[in-house]
Amino acid sequence: MQVKEYKPLIVAFCCNWCSYAGADLAGNNRLSYPADVKIIRVPCSCRVNPMFVLRAFQRGADGVIICGCHPGDCHYTSGNYYTRRRMALLFSMLDYLGIERDRTRLEWVSAAEGAKFAATMNDFVEKVTALGENKRLEDLRCKK
Amino acid sequence: MNNKEKLLKEEILRMSGVNPVKCMRCGKCSGTCPAYDEMEYHPHQFVSMVESGDIEPLLESKSLYRCLTCFACVDRCPRNVEPAKLVEAVRLLAVRKQGANHLKPEDVAAVLDDDTPQQLLVSAFRKYAK
Amino acid sequence: MQRIGVFVCWCGSNIAATVDVKAVAEALKSEPGVVYSADYQYMCSQAGQDLIKEAVKEHNLTGIVVCSCSPRMHEATFRKTAAAAGLNPYMVEIANIREQCSWVHKDIPSGTEKAIILGKAAVAKVNLNTPLTPGESPVTKRALVIGGGIAGIQTALDIADAGFPVDIVEKNPTIGGKMAQLDKTFPTLDCAACILTPKMVDVAQNDKIRIFSYSEVSEIKGFVGNFDVTIRKKARYVKEDVCTGCGLCVEKCPQKKIPNEFNLGMDNRSAIYIPFAQAVPKVATIDAEACTMLKKGKCGLCSKVCTAGAIDYKQQDELISEKYGAIVVATGFNPISMEKFDEYAYSQSKDVITSLEFERLTNAAGPTAGKLLRPSDLKHPHTIVFVQCVGSRCASCAEKGKEYCSKICCMYTAKHAMLTRDKYPDTDVYVFYIDVRTPGKNFDEFYRRAVEEYGVHYIKGMVGKVTPEGDKLKVRASDLLNNKQLNIDADLVVLAAAIEPDKSARPLATMLTASMDTNDFFTEAHPKLRPVESPTAGVFLSGACQGPKDIPETVSQAGAAASKVIGLLAKDKLTGNPCVASSDELMCNGCSSCERVCPYGAISYIDKEFRMPDRTVAIRRVASVNPAVCQGCGACTVACPSGAMDLRGFASGQIMAEVDAICK
Amino acid sequence: MKVSYFPGCTLKNKAVMLDEYARRSAEALGVTLEEIENWQCCGGVFTTSKDEVATKLSSVRALKDAALKGQPLVTVCSACHNVIKQTNYAMLTDPEFASKVNRYMAEEPYNGETQVLHYLELLRDTVGFDAVKEKVVNSLKGKKIAAYYGCLLLRPAGVMQMDDPENPRIMEDLIRALGAEPVVFANRNECCGGYVTVESPALAARKSADVADNAKAAGADMIITACPLCRYNLIKNGSELPVVYFTELLAEALGVKEDTNE
């Protein structure tokens, strides 16, 4: 029997103005990162409801990363400050529930930081891979 | 900066709690220092020399004993660098060495007069001796 | 159920080299709602777009998924295509399989697998898309400029020039602002009054411009295109339309010991006054705090001498309501108080002055009629010390001063030093500086001229203490380059005080819901690309209210703000972004959480009648989003505890569907 | 009202009258200065280095003594006040320092709870200058008095928090309350030369002369101070104006200068 190589499932929320553009720039510069990362576009990182993160883990994601504009650079002035506070609380609660800190991440990536986007994703995937599959929050009813 | 200089610098920064990179080189500390003329190294030089690890010459310098600790440089510094605290840390490093007391009890008689307040002797010993 | 068409683009080999496009098209065919799936070499080409249009018609599509490059590239293109085919443009979603897939992944199997997942997520989203129509709102074709300094004057003139009516609200009795107080202007040394006062006259004579002097904005409601503003016109006890500005009342007024604000208190004015000869409007104002008639009911001399009968001791504040389409903030700056910097002895000696006071001392209309005489004994000073950066560039933790560079001081000090040496060659002039900052056209040349041709002593170092003794000011300072402490006996010390936004700016920002930084400067919508707009739609920034600025910069920003206003007022209707927040009134519990997080003030609360199950009618407080003001960030959707608030185009259900599709 | 009182070494020796006038005036104003028991010398100067612990213990003991009584700790001497206030600030804001110190403290730890007041602050904030004014029996009207603060009372401003370090007014307000005319002079917050008089008498002489000359040039007839070392330096270096303790002036105005028991 062939043992299938473990591939983590990573959901990335990227704000439309900075991080999504940063991801595009990583593509323009052909900076590779694992295909395990799937990006969802949101207008602002503050659009990310903690529910979305919980839903991803419930549905079997192994890691969730949220990327926004650098503090002070938010297209909507202050959205990323809300994100920073909300996610600090959410991540600490998830930690309490047994979702390791390395499975969640909040990162500031500007539209000019294609290299940072790729490096962040490589690092994040590596850390999540090291942790292995996330079973703590997965709702088995969601499994096919 | 060689290793010895690095260690000395770290010790001074730890003792004083001062961060010399906050200095923007305006020279207001030296512009306001009442003991300036008596000092070989001036307050702004203490800041830049500590930053570059050039501490040996400061340890040897008489300037250490001329600072009045009047805090004019501390209060007037636009960047909150607190040069007086650096001077104090370097001086302590100097007088804490074996036999390096700058003021010795036998020197005191010469400066005493009928009105000398006790406070003067106490302060001087605390500043100049271990 | 939607009828969705999927269109997979090869992008030549850009996508097709790493992603098996046929496999993607095939795999997505069986997704729920998908009725058609195709691939093509260049979907964005005319032929590709035609393919989409035909498919829409042929298969009766209600939604479109394009698997192609980034939506930042061609989302607009494909939305137009959809609209041309008769679909709502917001029924299009893009799966980014180029920048975020084919270009960053190497092998075909994983690239193809990811492209399929991204496609599935897009399909899941489109299934929940609803047609969106951008809202429209009318535009009131009138602009309000708050502040009548050079920034406000230039903005108003430019807007009026384009044919739109403008109102200027100025809190002082005259427009002109700080520039009216200046003597000469750098780096050309032309006289400030000579270039400013003609502009003030232009404003007065322009029939598109109304000036509300001695007035303040007291209330602002509404939103871009539709502001309702209340202006409080303070009682000046003189009928503005009757007064001829002859000045007889000023001459006869017995109360003459009031410090003259225009000359910064260096001389006195009477209780009824005209700030300066070229004031606009040139009408008198009674200072109610100083007038004997208003305080004690005795005197009335001004009324007796006024042949026009313009004096009205019974005048009251007047409230004026007006509608505006756009608002320009031009509230300007002031030098900071020197109270906390008394090591320079500002409060102890009349001969320690600020640079603005120096301007008045050298101005022909100033307290010394333009002769440089020191205030204490009116003698000619022979040694002058200029101190730079007083209160600028201080550490945030230093408890006094400002963290920023005030920008204009290096240049005006060079000007003061040069003019002094030019007019009084027997005067020694010292300038103590930390850095000399001269980034501007002909600026550094100007400063070098002060040093090389006029012999101004520039010394790198800071003044530490000024001690008035006898008729001298003993200046103790450091000369860093010569490693010396200098002791200079000066006759006059001039402090380049940091500048700060006018105190009226903070309450105004609250009224406008416009954001400010920690220094009370207004923040711009984008520091590089939208420098004259506030993040609040319809509010524009002109001059030093946004950050320290010299006159050329202020004037260019004023023009830029005017052009933005003209661009807005030229429209008859404003088309909004349809991806805005909206609240489900049935779920909203009126808690105000969303209102508090909204950076634009787009959310307000209304009382709404609800028909209850028992057929009674209840009135509940619910959130209401103004779509013209909402920018669609979505902060409120997360803050809402009841889930009533959602964002069109990025609805919670849609994002959740994407998450589900990815995590399958 | 009762407050804890730390007189300090000099007030028990060379500056007995600074102490005596302070006590009599306080009594006249309805405040009792309770000298704390077994106080030890404050050390004269506060060593800013973070690793100096032993030299600050005596100040902490005095502070703790006041804390146990729940009283503010009042000092008159500028140096004692400066040392004790800075020590208290370090106990309050530097937990590492506080924990080191508390290893030397018996029983309950101390963490900077005591309010440290200079006698001038007691007059301004507790008694009130208006109340002082009412108790004046010998108005000092006509006297032009220069208040010399020196460095210790005001700096570092963030710690001392007594008054504006560059433009103080607490002593000027007191002078006004006593009926005299305050003379503001620029060098009132400059150093007299302090302890450096031991190391370089010439430097101290210059600094003292700068202060005294500036006060004279500003038109004062006398200088008042709260610091025995300032007074010593000014007089020793030839101040043309008389230099007296502010408490002496206060006692004079309140009519308690001449003690009947003396």
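In what follows, every chain begins at residue 1, and chains take the letters A, B, ... in the order their sequences are listed.
- Using a 4.5 Å cut-off on side-chain heavy atoms (C-beta onward), Lys28(B) and Glu343(C) make contact.
- For chain B, the option among Gly391(C), Ala477(C), Cys389(C) with the highest count of heavy-atom pairs below 4.5 Å is Ala477(C).
- Contact annotation: the side chain of Leu121(B) approaches that of Leu112(B) to within less than 4.5 Å [non-hydrogen atoms, C-beta and beyond].
- Ring planes of Phe386(C) and Phe358(C): perpendicular class, angle over 60° (limits at 30 and 60°).
- Among residues 29-61 of chain B, the residues having any heavy atom closer than 4.5 Å to a heavy atom of chain C are, in sequence order, Ser30(B), Gly31(B), Thr32(B), Cys33(B), Pro34(B), Tyr36(B), Asp37(B), His42(B), His44(B), Gln45(B).
- Proximity of Glu359(C) to Gln181(C): side-chain heavy atoms (C-beta onward) are nowhere separated by under 4.5 Å.
- Heavy-atom distances place no part of Asp435(C) under 4.5 Å from chain B, backbone and side chain included.
- Between Met266(C) and Glu357(C), the shortest heavy-atom distance links the atoms CE-O, 3.2 Å.
- For chain B, the option among Tyr344(C), Phe341(C), Tyr433(C) with the highest count of heavy-atom pairs below 4.5 Å is Tyr344(C).
- Salt bridge status for Glu88(B) with Lys127(B): present, with a side-chain N to carboxylate O gap under 4.0 Å.
- A heavy-atom distance below 4.5 Å is not found between the side chains of Met411(C) and Asp550(C).
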